[in-house]
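All remarks here apply to the structure that follows.
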Amino acid sequence: EVQLQASGGGLVQAGGSLRLSCAASGFTFDDYAIGWFRQAPGKEREGLSCIGSKDGSTYYVDSVKDSVKGRFTISRDNAKNMVYLQINSLKPEDTGVYSCAASPRARAGDAYEYDFWGQGTQVTVSS
């Protein structure tokens with residue numbers, strides 16, 4: 001059974017940091033790119049970042065690149081089947097449900113490119 005479980009969210013003050021984790025099981029982790037998505041209150045889900053399956057290259061979605069650059073860092077540990085999203089200098093606009101997804105492509109961006117989705121973790125940033 002394929003499982004993706006995001007964790008690490010919480011309530012933090014603006015300027016704080018969080019490290020989100022995505023635990024994967026039930027598929028060949030090394031063969032999948034893993035992406036992070038966010039759904040803010042009242043808004044559609046948006047892609048944030050992806051880490052490639054082959055060389056671990058990291059990508060940040062163009063539409064959010066300016067707002068996350070320097071603050072969001074995606075990484076993966078293939079030995080543990082884990083992907084992380086380090087978020088520093090949190091802002092109230094970072095509030096939302098963060099979820100991870102797996103794509104069989106070497107790199108993925110749009111949601112349709114992902115096959116497996118996990119439950120999200122809530123991040124709330126107070127001002």
Side-chain angles (χ1 to χ4, degrees):
E1 179 187 4
V2 172
Q3 287 191 335
L4 288 163
Q5 181 64 56
S7 62
L11 173 63
V12 295
Q13 289 188 332
S17 297
L18 282 174
R19 187 196 196 202
L20 306 184
S21 298
C22 173
S25 63
F27 60 98
T28 305
F29 184 74
D30 298 12
D31 290 343
Y32 282 73
I34 305 295
W36 281 99
F37 290 77
R38 175 177 66 198
Q39 186 163 20
K43 295 187 178 180
E44 292 187 356
R45 182 177 58 197
E46 62 180 346
L48 298 174
S49 181
C50 173
I51 187 162
S53 61
K54 302 305 180 184
D55 58 4
S57 298
T58 59
Y59 309 94
Y60 297 87
V61 177
D62 286 342
S63 60
V64 301
K65 190 177 292 185
D66 288 342
S67 67
V68 307
K69 186 177 181 180
R71 299 192 302 119
F72 286 34
T73 304
I74 189 171
S75 62
R76 67 189 293 162
D77 184 340
N78 287 346
K80 296 181 179 179
N81 284 14
M82 296 288 292
V83 172
Y84 306 99
L85 186 67
Q86 177 71 39
I87 311 176
N88 299 325
S89 302
L90 277 155
K91 303 177 181 180
E93 52 263 43
D94 294 325
T95 294
V97 176
Y98 287 69
S99 57
C100 54
S103 170
R105 300 168 184 248
R107 170 186 173 179
D110 294 328
Y112 75 86
E113 296 178 300
Y114 290 86
D115 287 357
F116 308 132
W117 292 83
Q119 297 289 331
T121 185
Q122 175 72 45
V123 172
T124 303
V125 185
S126 62
S127 57

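What you are looking at is a predicted structure, and each value in this text was computed from that prediction instead of being measured.
- A 4.5 Å side-chain heavy-atom check between Gln3 and Glu1 finds at least one atom pair inside the cut-off.
- Counting all heavy atoms, side chain and backbone alike, Gly120 lies closest to Ser99 at CA-CB, 3.9 Å.
- One side chain, Thr124 or Gln122, offers a donor N or O that lies under 3.5 Å from an acceptor on the other.
- Scanning both residues, Gln13 and Val125, for their nearest heavy atoms gives C-CG1, 4.0 Å.
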Before you tell me yes or no, could you show the steps for Asp31 and Ser53 under side chain to side chain donor-acceptor pair (under 3.5 Å), namely the whole-Å CA-CA distance, both residues' side-chain angles and the distance that decides it to 0.1 Å? CA-CA 5 Å; Asp31 290 343; Ser53 61; over 6 Å; no
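- Of all non-hydrogen atoms in Arg38 and Thr95, the two that sit nearest each other are CD-O, 4.3 Å.
- A salt bridge links Asp62 with Lys65; the closest basic N to acidic carboxylate O contact falls under 4.0 Å.
- Shown here for Val64 and Gly47, the closest heavy-atom pair between the two residues is CG2-O, 3.8 Å.
- Ring-centre distance between Trp117 and Phe37: below the 6.0 Å cut-off.
- Contact detail for Ala33 and Ala106: the closest heavy-atom pair is CB-O, 3.7 Å.
- Tyr59 contributes atom OH, which lies 11.0 Å from atom CD1 of Ile74 (distance to the nearest 0.5 angstrom).
- Nearest heavy atoms, Leu4 versus Phe116: CD1-O, 3.4 Å.
- Taking the six-membered ring where the residue is Trp, the centroids of Tyr32 and Phe27 are separated by under 6.0 Å.
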How far apart are the C-alpha atoms of Ser75 and Gln86, what are their side-chain angles, what is the distance that settles it, and do they pass the side-chain contact (heavy atoms from CB on, under 4.5 Å) test? CA-CA 8 Å; Ser75 62; Gln86 177 71 39; over 6 Å; no
Run the numbers on Leu20 and Val123 for side-chain contact (heavy atoms from CB on, under 4.5 Å), then give the verdict. CA-CA 9 Å; Leu20 306 184; Val123 172; 4.0 Å; yes
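- The OG atom of Ser63 lies 8.0 Å from the CG atom of Leu48; values are rounded to the nearest 0.5 Å.
- When the shell of 6.0 Å around CD of Glu46 is examined, it contains more than 12 heavy atoms from other residues, nucleotides or ligands.
- Connection of Val97 to Val83 is not established within any shared hydrophobic cluster, with ILVMFWY side chains joined at heavy-atom distances below 4.5 Å, either directly or through further cluster members.
- Asp110 places no side-chain N or O within 3.5 Å of a backbone atom of Tyr112 that could act as its donor or acceptor partner.
- Here the side chain of Ser103 pairs a donor or acceptor atom with the backbone of Glu113 at under 3.5 angstrom.
- Cluster membership for Tyr84 and Tyr114, using ILVMFWY side-chain heavy atoms within less than 4.5 angstrom, is not shared.
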